[in-house]
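Before any comments, here is the structure.
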Amino acid sequence: MSLNDYTPGPHDTQYWYNLSTGQVEEGQQSKITELWGPFATREEAEQAMEKAKKRNEEWDEGKDAW
């Protein structure tokens, strides 16, 4: 049971990227230390690592320009 089970009103589903398994979880199912998120959509969570990799590469390129 989660906190959402005890609070009134609608609750948005959140998605988490599991850093250990590489899988997307609907709702927090694993230890928070193994998760990255939350994300609003499954697609956003699925693309999390690729987006981070791209951002890191862009940051590295910008750093070299200094």
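Keep in mind that this is a model prediction, so the values were computed, not measured. Nothing fancy with the numbering, it's 1 onward along the sequence.
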Any side-chain heavy-atom pair from E34 and L19 closer than 4.5 angstrom? no
Would you name the heavy atoms of A48 and F39 that are closest together and state the gap between them? CB-CZ, 3.6 Å
Measuring only between side-chain heavy atoms, which start at C-beta, is Q28 closer than 4.5 Å to Q14? no
Testing Q23, Q29, E25 for side chain to side chain donor-acceptor pair (under 3.5 Å) with N18, which one passes? E25
Quick one: closest heavy-atom pair of W36 and M49, and the distance? CZ3-SD, 3.4 Å
Between A45 and Y15 the two heavy atoms that sit nearest each other are CB-CB, 3.9 Å
In chain order, what residues pass the side-chain hydrogen bond (donor to acceptor under 3.5 Å, both in side chains) check against T41, with sequence neighbours excluded? none
